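Not measured: the values here are computed from a predicted model. Residue indices begin at 1 and follow the sequence shown.
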Amino acid sequence: MWQMCILGYETPIVVCSTETACVCVCALSVTSSPPTVKQPPTIVSQSAKDYIVDPRDNIYIECEAKGNPLPTFSWRRNGKFFNIGKDPRVSMRKRSGTLEISFRSGGRPEDYEGEYQCFASNDLGVALSNKILLRVSKAPLWPKEVLKPVVVSEGSPLVLPCNPPPGLPPPFIFWMNSVMTPIPQDKRVSMGLNGDLYFSNVVTQDAHTDYTCNARFLFTHTIQQKNPFTLKVQTIAQSTPTFLSPSGGESSKMVLRDEQLLLECIAAGLPTPTIKWFKKGRELPSQKVKFENYNKTLKIIHISEEDAGEYVCMANNQLGSIRHSIFVQVKAAPYWLDKPTDLVLAPDENGRLVCRANGNPKPNIQWLVNGEPIDSSPINPNRQVLGDTIIFRSVQMGSSAVYQCNASNEHGYLLANAFVSVLDMPPRMLGPKNRLIKVIENNRTFLDCPFFGSPLPELRWFKNGQGSGLDGGQYRVYINGTLEIKRARPEDEGTYTCVANSILGKAENQVRLEVKEPTRIVRAPEHQSAIRSSTSRFDCKVKSDPSLPITVTWTKDDKPLTLGWRLKKDEESLIIPSVKDSDQGMYTCTVKSDLDQDSASARLINSPTVMSNSSHPDPPMDLDLSDPAARSVRLTWIPGNDNRSPITEFLVQFEEDHWEPGRWQNLSTYPGHLNSVILQLAPFVNYQFRVIAINSVGQSPPSRPSPRYKTSGAAPDAIPRDLRGWGSKKDNMEITWEPLLDLERNGPNLHYNVWWRRKDVEEDWSNVTTVGSKHVVYNTEIYVPYEIKIQARNEFGTGPESNMVIGYSGEDKPTEAPTDLRVSKVNSTKVNIHWKPVDPNSVQGEFKEYRLYYWRDSSLVTNLMVSKQKKTKGFYSTMSEPSGILTDLVPYSKYKMFMVVANSHFEGPPSSTVEFTTKEGVPDAPRFFKINRRSFDSIYLEWDKPLEPNGILIGYQLKYHPVNGSRVVQPQLETLLPNVTDFTLRLPDRSTRYKFYLSALTQVGAGEVYAEESPLFCVSTCSHFLIINPLLSPASSLVVELTDASVASALTPTPIAPLPPTTIAPTTISPSTTTTPTTTTTTEMTTPTTPPVLVTTKRTDQNVLGTCLALGREIWNLTVEPNSNYANVSWRHNFPAGSSEFVLEFTLDSDKTVKVVPVKQQPPIKVADLIAGAKYHLRVYSHELNSVSSKSVTFKTKAAYIDQVDIATQGWFIGLMCAIALIILILLIVCFIKRSRGGKYPVRDKKDLPLDPVDHKDQDGSFDYHSDEDNKPLQGSQTSLDGNVKESDDSLVDYGEGGDGQFNEDGSFIGQYTVKKDKDETEGNESSEATSPVNAIYSLA
């Protein structure tokens, strides 16, 4: 629809002024006030054609319509009138056609099933709804049945049928077990489209007694269960694939256009077969294809005619494969090609209704008027039915009606209402009044002016209430009233008025346009690599229109950035102090106004403090190819060493040996964590691959190439691009296209099939097959349209056909010239141009523009030479009275012009030449303006006449005032005669500088101003100036002019005393931080005596003054004390203290990048943010006098310092060692005390002591007595080294008399301390305790 209808003003309709001139405009709504426009009824809302309702709810059948007067409604049920008043359950909403059928008082919804159709009528006609088929949802019960156990051999296929009861709508099917858990499905077990459960092969684990099919009915929200299946499994061997569904080798399926196609193949076999799908003759449409149910179901959405054909599903396992072909036919219910639209005609106008539809089979078109077949309606002599078109001629008032077009075939129907309203109405504006439109400069702009009227009004646009209408050049008026400004500029601001005129009157509306400056980022953030804990700063300086408020927001990785105590934002930057690893990412600055926005991004990367150890990664190794397919293969590799910088991505390259052998091309990139990828390839190409690893340092060398892999051939997939037809001569048409790329050929012997035929002429296609990229059609008529299409083919088949494009045969010279060329509203620089257009048929080609040739023939100023070079300007206009504006003319000049009409190649004959003269204007600036000093107390000014006076010069205007800082001084004015070109100004104060403004005058006014400022009072020592005190600042240096050699000899220079010593605090500075003093040093500065210096120059300007002041100034003794990331810099100079500014220029030796640091403080200076271990070149120069510079010095910062201390000298370590030694000493003392309390004694020494419950006898017959303490381990000690009790050599079993331990009556272990029998006899009398570490220590003690 047209833009004004899109904006939602009113209903789109078609208004016609002749049989062929129609326009889509917007009809007034019936709710408009006052309701003066009558409108036939229009259906605006209705229920679906297939309408299923819930039996538990009331039934609502929707039918809403609008019109003026308000329509009345009636209904038909099953083709007969439905009397609503006779049924108490049925009611109709007020001022609506919607039916409500209520069952509060009883009744069965099934009694109201049937086909309903709504009729909306008023005095102007009758509109019809679709036929609405009303059906009540049903949820039938599952039939009772007894299911026997299913016995199947392992490995055999199995189908468990579901056969759900038919419901309305069909139920949703799913399988579960007795505990309501879904049956697991995979490529072996899955449910088919019909609800059956398919087993490709049965395994032992499938033996269950509770396979239950469930049906869920959507409207009633109920679930019906089938009796469960019991499955018993027996053992069997492997088997080849067979199809469970569908059966046989081939089948067919019909589907309707725009529906979805579902194809299913379920296979049996052991091992479980895999399913693959193909389409014979071409690839599957990847954008529309989806595989479901473990590849067993192929789904294609929005099916179209080109999707018809043979689809093949293949099932294969390691024992074999099997195929099934499904032949798909695509039919189509009717669909619109040209839907009829509402038509508004004025009396005696012509118009037409068109109803075009397509389908398969082709639909039948039937016309109705007010709901009745048009053949049975009263004869209307002003109406003619021609198939799918109704033509109206000279319509009359009272013939308004609503027409219905019914397009139907065996698969469905379409019904469209379109009213024909005959009325006469003066023009009316539909949009809001006096809108304000704000646009951005240089943007394409549309000013809308929705209007209505019958007959169709003529609409014109005016700017600021002037002119004869805007159209052509910068402006374009659309037929719906919209004015396009192709590129809005500041001068386009103003008030635009649209005026709609017809024979019944006129209406107008205004739109005010404001053009704003674009919002843009003038200093964008830059990528940064920041050291951890350092500070990063992202710039974002914005320029925008002052009248538009803007907001600046920052995001990180496309997520809003939270600003707080750490991250700071000011007007022009984002500051990230103490950079952390989590700060890495992409930062985006976005600035928005109400009209536009701009954004810029930069990435922050954390770099380690010392990067010297990182390097390029090693190349990947061991490339391997697997999983070969027709157009893909899997490439696997082993990554090389990343060399201390993680690999971020891999680049895969390929080389083919046919078209460009030996040339490696980029195929794709993959993330750094992958090492196995599937490569998408082109057919009929012999590939080999290599991989390159990439980290933050750079790329690795390429890997060794992989083995070669050749893909099989196929028909072309691509369509030749840039197909067009154009005439190189007037009797031919060249059809050209861009040939397929080498990798798009897909096979050998590539050819192109080209078809063409005349457009809008019933003729057969002509065609040719060629190997080139051009075909010429000869003997054509001049500039006639052709339909063209193309197709690529090779040995494997034909590719897809291109869309039809429209080409044109050759053009010839236009035969007519524009007439009545004239001008109006002439001023000094522009003029309005008017002419009468040519007959469009005389253009003999594509109309481009009316081309105006104009030139400046002479100036009205006497004896002024002008250039007579011709210029051109084009005007595009199709209006009956075209006009345009010619700008950028020179005032006070005589111009000549003529006009031609131009097509794409030729210009027509010229119109008659027309002369006009421009009015007088303001002059240009003077050709030059010089300022010289002549003596101590005067200034001499000199200038020349303007190059373009643009009229008769009447004099010059000279303004001047003293330059006195920021204080505003009232200028003085001098008016001079036109023949005066110099002026002398007497100076009351020789040290005062003046600003001069000179402009020429005509009768119109003052012209462009030429501004100059007088130079400083400097003295040339050669013939004019002498420096009196070179140590003063440039603003205060006393420079005296000498006009006589004797004066120069009279001025004797006085030696200059050196500056006194100064005490200066060094200052730490960096480009982004404010610094504070840290230490204090005293620097002695001496300045040599400098005599006056003579400067040989004739004229004084800023360069001369700078040279004067630079002489005698010096910077010397530049010294640097570098550290790891900062340096102390000092120098000496003879500039005045506190009145100079210096610049420190650091040049990084590695990449020659320059860092400039302005300094206002006196040296020494501490400069931070240097790179550790880097080599720099430094010089210092004056900010005011750039030529005064120190010598360059070279220094290198220290390597990054890492604190390393000797741990043996640390107090905490010494204390820890002492504590450990003390603990060991205490443990040894405790052990010694405990051991001294036990031991081996003779019986006689312990006969008075009580014995243990068990006496242990030694091998020599003596008894061994031990204390209880001896049988226990030390507190805190471990039983074994690993904390577990093991049967080792020290186990208690090994200390018994035999292999098994013996117990006494009280359960004590008899042999717990006896020595092993295999011990040496010499060890027999030793205590077993000597083997423990504690006893060893005791024995040593």
Using a distance-only test with no angle check, is there a side-chain donor-acceptor pair under 3.5 angstrom linking Asp448 and Thr482? yes
Between Asp338 (side chain) and Ala357 (backbone), is there a donor-acceptor pair under 3.5 Å? no
Whether the side chain of Arg435 engages the backbone of Leu513 through a donor-acceptor N/O pair (distance < 3.5 Å, no angle test) should be reported. no
A quick test of your reading: do over 12 heavy atoms of other residues, nucleotides or ligands sit less than 6.0 Å from NZ of Lys49? yes
Would you tell me whether Tyr403 and Asn370 have side-chain atoms, one donor and one acceptor, within less than 3.5 Å of each other? no
Contact summary for Met429 and Cys498, nearest pair of heavy atoms: CE-O, 3.7 Å
Smallest separation among heavy atoms of Val90 and Tyr112, with atom names: CG2-CE2, 3.9 Å
Stacked cation flag Lys138 on Phe217, 6.0 angstrom / 45 deg: no
Between Glu292 and Lys299, is there a side-chain N and carboxylate O pair less than 4.0 Å apart? yes
Might you point out which heavy atoms bring Ala215 and Ile173 nearest each other, and give the distance in Å? CB-CD1, 3.8 Å
Between Asp342 and Thr42, is the side-chain contact (heavy atoms from CB on, under 4.5 Å) condition met? List the steps. CA-CA 9 Å; Asp342 298 332; Thr42 302; 4.2 Å; yes
Taking it one step at a time, do Leu343 and Phe419 satisfy side-chain contact (heavy atoms from CB on, under 4.5 Å)? CA-CA 6 Å; Leu343 188 62; Phe419 67 68; over 6 Å; no
Determine, for Arg444 against Glu484, whether the closest basic-nitrogen to carboxylate-oxygen distance falls under 4.0 angstrom. yes
Might you point out which heavy atoms bring Pro41 and Asn122 nearest each other, and give the distance in Å? CD-OD1, 3.0 Å
Verify the distance criterion only: is there a donor paired with an acceptor across the side chains of Gln117 and Ser129 at less than 3.5 Å? no
side-chain contact (heavy atoms from CB on, under 4.5 Å) partners of Thr72, counting only residues at least two apart: Ser121
Proximity of Tyr51 and Tyr60 rings by center, below 6.0 Å: no
Please check if any side-chain donor atom of Gln396 sits under 3.5 Å from a side-chain acceptor atom of Asp348, or the reverse. yes
Would you call Arg257 and Glu305 a salt bridge, using N to O less than 4.0 angstrom? yes
For the residue pair Thr98 and Glu64, confirm or rule out a side-chain donor-acceptor distance under 3.5 Å. yes
Quick one: does any side-chain atom of Gln404 pair with a main-chain N or O of Gly371 as donor and acceptor, under 3.5 Å? yes
Distance in Å, Cys449 SG paired with Glu508 CD, rounded so as to fall on 0.5 Å steps: 9.5 Å
So does Lys131 have more than 12 non-hydrogen atoms from other groups sitting under 6.0 Å from NZ? no
Could you pull out all residues at least two apart from Glu410 that satisfy side chain to side chain donor-acceptor pair (under 3.5 Å)? none
Is the Phe446 ring parallel, tilted or perpendicular to the Tyr478 ring (thresholds 30°, 60°)? tilted
Closer than 3.5 angstrom, by distance alone: can the side chain of Trp461 be matched with the main-chain N or O of Gly481 as a donor-acceptor pair? yes
Under a 3.5 Å threshold, yes or no: a donor from one side chain and an acceptor from the other, between Glu115 and Asn78? no
Verify the neighbour count for atom NZ of Lys486: are there more than 12 heavy atoms of other residues, nucleotides or ligands below 6.0 Å? yes
Under the 3.5 angstrom rule, does the side chain of Asn382 hit a backbone N or O of Phe392 as a donor-acceptor pair? no
What's the separation between atom CG in Leu256 and atom CD in Glu259, rounded to the nearest 0.5 Å? 4.0 Å
Looking at Met92, I'd like to know if its CE atom is crowded, meaning that more than 12 non-hydrogen atoms belonging to other residues, nucleotides or ligands lie closer than 6.0 Å. yes
Which value, rounded to the nearest 0.5 Å, describes the distance between Ile303 atom CD1 and Leu261 atom CG? 4.5 Å
Is a side-chain N or O of Asn58 found less than 3.5 angstrom from the main chain of Phe103, in a donor-acceptor match? yes
Sub-3.5 Å donor-acceptor pair from the side chain of Ser400 to the main-chain atoms of Val422, do we have one? yes
Is it true that atom CG of Asn803 has more than 12 heavy atoms of other residues, nucleotides or ligands lying nearer than 6.0 Å? no
Could you grab the distance from atom NZ of Lys339 to atom CG of Leu353, nearest 0.5 Å is fine? 13.0 Å
Derivation and outcome, side-chain contact (heavy atoms from CB on, under 4.5 Å), residues Asn360 and Lys362: CA-CA 5 Å; Asn360 187 7; Lys362 190 172 183 64; over 6 Å; no
Quick one: does Asp424's side chain have a donor or acceptor within less than 3.5 Å of a partner on Ser454's backbone? no
Atom pair CD1/SG of Ile365 and Cys355 - distance to nearest 0.5 Å: 4.5 Å
Can you confirm whether Glu458 is buried at CD, in the sense that more than 12 heavy atoms of other residues, nucleotides or ligands lie under 6.0 Å from that atom? no
Report the residues that fulfil side chain to side chain donor-acceptor pair (under 3.5 Å) with Arg56, sequence neighbours left out, ordered by chain and then residue number. Asp54
Which heavy atom in Pro334 sits nearest to a heavy atom in Ala407, and how many Å separate them? CG-O, 3.5 Å
Would you kindly say whether Glu62 and Ser45 are connected by a side-chain donor-acceptor distance under 3.5 Å? yes
Would you confirm whether Arg89, through its side chain, and Gly106, through its main-chain N or O, come within 3.5 Å as a donor-acceptor pair? yes
Lys/Arg N to Asp/Glu carboxylate O, Lys516 vs Asp596, below 4.0 Å: no
Should Val395 and Val420 be marked as a side-chain contact (heavy atoms from CB on, under 4.5 Å) after you check the CA-CA gap, both sets of side-chain angles, and the distance that decides it? CA-CA 10 Å; Val395 297; Val420 177; 5.5 Å; no
How about Lys433: does its NZ atom have over 12 heavy atoms from other parts shown lying under 6.0 Å from it? yes
Main chain of Gly387, side chain of Trp367: is a donor-acceptor contact present, judged purely on distance under 3.5 Å? yes
